[in-house]
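Below: one structure, written as structure tokens.
Heads up: numbering here begins at 1 and tracks the sequence. Side chains included, hydrogens not; waters and symmetry mates left out as well; all remaining heavy atoms used.
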Amino acid sequence: MEQSIKKVMVALTILLALSIVAVLGFMLKDVFFEKDIPQNPAEQAYSLAKAMADKDPKNPGYLFELAKAEADLGKTGDAVDHLQKAIKMQPAAPMLHYTLARIYLDSGQEKEAVKELEQELRVTENKNELAWFDLGEIFLKRKDYNQAINCFNMALVRMPAGADVHYSLGKAYEGIGRFDLAMRSYAEALKYIPDHTDAQIAIQQLQLKQLEQTTTGTTKK
């Protein structure tokens with residue numbers, strides 16, 4: 001009798017072990033081999049946005065969210081396509097042109113980015129400080145300092161505590177030789193972010209430049 005019970009217990013133990021192995025196998029399959037399950041927050045955001053856009057493809061808001069999720073995953077072509085569709089549906093909506101401009105900038109399409117930034121400022125009546133800042137950065141890169149100064153000052157109207165804006169404005173002032181205004185702008189950047197490394201370095205370099213100019217002028221005399 002005891003021998004029969006032992007055999008039954010062994011058989012049950014084996015069946016239980018096999019069941020556990022089977023369950024673990026299915027779990028591992030889902031984790032490592034199922035491609036449809038989002039693996040990270042960016043993929044999860046994309047899956048949710050895509051489901052919403054598929055349900056209502058004529059909703060510009062859903063297309064906007066889908067485009068942002070696609071851009072985060074590097075699906076640049078799809079993101080541009082969906083943003084352009086959203087713009088056609090709602091051309092005066094804020095942030096659509098700006099988001100498209102950012103995608104163009106990240107793709108190295110500067111000319112297209114400028115057009116979208118300018119369009120963003122039209123539809124927002126010049127009230128998107130981010131667009132002004134990005135436009136200023138483009139002009140600064142091109143060494144079009146006066147245009148850059150105008151853009152950065154416009155950005156500061158709505159973003160007076162923007163340390164990076166003050167820093168870039170300082171670089172633009174330095175570009176036209178207004179070292180006094182450049183120094184003031186760098187100091188403003190440090191006012192809002194005391195450990196702004198770029199502003200600290202810019203001040204040191206500008207002080208050396210001014211010292212060199214003073215020394216050269218004295219020597220000539």
Side-chain angles (χ1 to χ4, degrees), residues 45 49 52-53 56-72 76 78-176 178 181-194 196 198-199 202:
M52 294 169 64
D56 188 1
K58 293 185 178 181
N59 187 314
Y62 292 165
L63 292 176
F64 177 50
E65 293 300 325
L66 177 58
K68 290 194 295 182
E70 288 168 336
D72 288 340
T76 303
D78 292 337
V80 169
D81 180 58
H82 287 129
L83 277 171
Q84 289 176 338
K85 288 180 179 178
I87 289 171
K88 285 182 180 178
M89 294 177 189
Q90 201 169 2
M95 294 306 292
L96 293 180
H97 291 284
Y98 176 76
T99 305
L100 182 54
R102 288 301 316 174
I103 293 174
Y104 282 141
L105 278 176
D106 292 340
S107 303
Q109 298 173 271
E110 190 176 279
K111 184 178 179 181
E112 289 78 4
V114 169
K115 289 180 180 178
E116 294 302 325
L117 289 171
E118 290 175 343
Q119 188 61 29
E120 175 72 18
L121 292 170
R122 289 191 192 97
V123 301
T124 60
E125 297 180 345
N126 296 326
K127 293 179 182 178
N128 187 324
E129 61 274 19
L130 297 176
W132 279 120
F133 177 67
D134 286 347
L135 202 54
E137 288 288 286
I138 292 172
F139 287 128
L140 182 61
K141 177 184 172 185
R142 294 177 179 178
K143 297 184 178 181
D144 190 345
Y145 299 121
N146 288 312
Q147 286 275 44
I149 289 168
N150 178 63
C151 291
F152 292 137
N153 279 319
M154 290 298 293
L156 288 172
V157 171
R158 294 175 60 82
M159 193 165 49
D164 288 339
V165 186
H166 286 290
Y167 166 74
S168 293
L169 178 59
K171 298 303 289 185
Y173 278 134
E174 196 171 340
I176 62 171
R178 290 300 307 270
L181 295 178
M183 192 69 77
R184 188 184 304 171
S185 294
Y186 296 144
E188 282 293 307
L190 293 176
K191 174 182 174 181
Y192 298 108
I193 300 182
H196 196 295
D198 289 336

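No donor-acceptor pair closer than 3.5 Å links the side chain of H196 to the backbone N or O of A187. No donor-acceptor distance shorter than 3.5 angstrom exists from the side chain of Q109 to the backbone of Y104, with no hydrogens or angles considered.
Between A163 and Y192 the shortest heavy-atom distance is CB-CB, 4.3 Å. Summarising the geometry of E137 relative to S168, their closest heavy-atom pair is OE2-OG, 2.6 Å, with the distance given to 0.1 Å. Of all non-hydrogen atoms in L96 and A93, the two that sit nearest each other are CD1-CB, 3.6 Å. Considering every non-hydrogen atom in both L66 and A53, the closest pair reads CD2-CB, 3.8 Å. Annotation for A189 and H166: closest pair N-CB, 3.8 Å, computed over non-hydrogen atoms. Counting all heavy atoms, side chain and backbone alike, P91 lies closest to V123 at O-CG1, 3.5 Å.
Note: E70 CD to T76 OG1 = 9.5 Å, rounded to the nearest 0.5 Å. The distance from atom NZ of K127 to atom CG of L121, rounded to the nearest 0.5 Å, is 12.5 Å. Once rounded to the nearest 0.5 Å, the distance linking CG of N126 with CD of E118 reads 11.0 Å. Within the model, atoms CG of N59 and CE of M52 stand 7.5 Å from one another, a figure rounded to the nearest 0.5 Å. To the nearest 0.5 angstrom, K141 atom NZ is 4.5 Å from E110 atom CD.
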Next item on the list: For I138 and L117, run side-chain contact (heavy atoms from CB on, under 4.5 Å): C-alpha distance rounded to whole Å, both residues' side-chain angles, the deciding distance at 0.1 Å, then the answer.
Entry: CA-CA 11 Å; I138 292 172; L117 289 171; 3.9 Å; yes

Next item on the list: Apply side-chain contact (heavy atoms from CB on, under 4.5 Å) to W132 and F152, showing your working.
Entry: CA-CA 6 Å; W132 279 120; F152 292 137; over 6 Å; no

Notebook entry, point to check: Can D81 and K85 be said to form a salt bridge (Lys or Arg N to Asp or Glu O under 4.0 Å), step by step?
Noted result: CA-CA 6 Å; D81 180 58; K85 288 180 179 178; 3.5 Å; yes

Next item on the list: Start with the C-alpha gap between E65 and K68, add the side-chain angles, then the distance that decides, and say whether salt bridge (Lys or Arg N to Asp or Glu O under 4.0 Å) holds.
Entry: CA-CA 5 Å; E65 293 300 325; K68 290 194 295 182; 3.4 Å; yes

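Using cut-offs of 30° and 60° on the angle between ring planes, the pair Y167 and Y186 is tilted.
Annotation: side-chain contact (heavy atoms from CB on, under 4.5 Å) contacts of I176 (sequence neighbours excluded): Y145, N146, I149, Y173, R178. Taking L130 as the reference, Y98, N128 meet the side-chain contact (heavy atoms from CB on, under 4.5 Å) condition, with sequence neighbours excluded.
D164 is not listed as a side-chain neighbour of D198, based on a closest heavy-atom distance of 4.5 Å or more. E120 is listed as a side-chain neighbour of M95, based on a closest heavy-atom distance under 4.5 Å. Put simply, the side chain of R142 does not reach to within 4.5 Å of the side chain of L140, judged on heavy atoms. Here the side chains of T99 and R102 are not in contact, with every heavy-atom distance at 4.5 Å or above. Residues L156 and E188 are not in side-chain contact: their nearest non-hydrogen atoms beyond the backbone lie 4.5 Å or more apart.
For residues 147-158, the set of pairs meeting the side chain to side chain donor-acceptor pair (under 3.5 Å) definition, not counting sequence neighbours, comprises E129-R158.
Counting heavy-atom neighbours within 6.0 Å of R184 CZ, excluding the residue itself, gives a total of 12 or less.
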